[in-house]
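Have a look at the structure below, then the notes.
Counting starts at 1 for both ligands and their atoms, in listed order.
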Amino acid sequence: MSKENTLKILTYPHPILKKKSIPIAQIDENIKSLVKQMATTMYENKGIGLAAPQIGQNIRLITVDISGPEKRENLLTLINPQIIEKSGETESEEGCLSVIGYRAKVKRAAKVKVVAQNLEADRIEIEADDLLAICLQHEIDHLEGILFIDRISRLKRNLYERRLKKWLKQSKK
Ligand code: CO
């Protein structure tokens with residue numbers, strides 16, 4: 001996989017990550033080539049999900065592959081994804097390519113139903129549980145400008161903010 005196809009991932013506290021993304025009206029060649037680059041970027045960074053705002057585009061597009069960067073068997077490209085049903089509750093540790101050096105437990109719905117468009121602009125419906133459900137909620141959150149650290153306790157959040165400040169200071173030296 002060539003380096004030219006990997007995109008730079010923005011990290012917290014970049015303002016683009018806080019913005020609500022806009023729907024994609026037309027799935028043109030630009031979108032298709034962006035999807036390829038996003039998938040490559042996700043795999044190369046050992047992620048299982050990536051949302052367009054993370055690579056600097058505030059548009060409603062996510063890529064997900066819970067089979068992981070080794071297998072690369074279940075790539076899902078979802079355009080304008082929307083959660084239409086949620087049920088149950090689960091809690092698991094999450095991380096994010098845009099939140100460096102931190103993982104925390106996050107409460108999510110255990111099952112979700114998502115509608116979206118695929119690259120052919122067909123309407124698709126996905127019923128997900130377990131890791132896929134968590135991953136979809138995490139990525140769709142990105143489209144609303146929400147990071148997993150927005151869903152943890154104030155105490156843990158403050159701890160992370162302090163640690164991050166220290167790192168940023170050190171990296172400037
Ligand atoms: Co993320």
query: Taking the side chain from Asp150 and the backbone from Leu147, do they hold a donor-acceptor pair closer than 3.5 Å?
result: yes
- request: Mind listing the protein N/O/S atoms less than 2.8 Å away from the Co ion (ligand 1)? Waters don't count.
  value: Cys96 SG, His138 NE2, His142 NE2
task: Would you check if the side chain of Arg157 reaches a backbone N or O of Ile152 as a donor-acceptor pair within less than 3.5 Å?
output: no
- request: Output all residues satisfying side-chain hydrogen bond (donor to acceptor under 3.5 Å, both in side chains) with Glu91, sequence neighbours left out; order by chain, then residue number.
  value: none
message: Just checking Lys32: does its NZ atom have more than 12 heavy atoms from other residues, nucleotides or ligands closer to it than 6.0 angstrom?
response: yes
Give the table of side-chain donor-acceptor pairs shorter than 3.5 Å for residues 97-106, with sequence neighbours excluded, one pair per line with atom names and distance.
unit_1, atom_1, unit_2, atom_2, d
Ser98, OG, Leu10, O, 2.7
Ser98, OG, Gln54, NE2, 3.0
Arg103, NE, Glu93, OE1, 3.1

Return a table of donor-acceptor pairs under 3.5 angstrom between the side chains of residues 129-139 and protein atoms on other chains or two or more places apart.
unit_1, atom_1, unit_2, atom_2, d
Gln137, OE1, Ala109, N, 3.0
Gln137, NE2, Ala109, O, 2.8
Gln137, NE2, Ala133, O, 3.0
His138, ND1, Glu94, OE1, 2.9
His138, NE2, His142, NE2, 3.3
Glu139, OE1, Ala51, N, 3.4

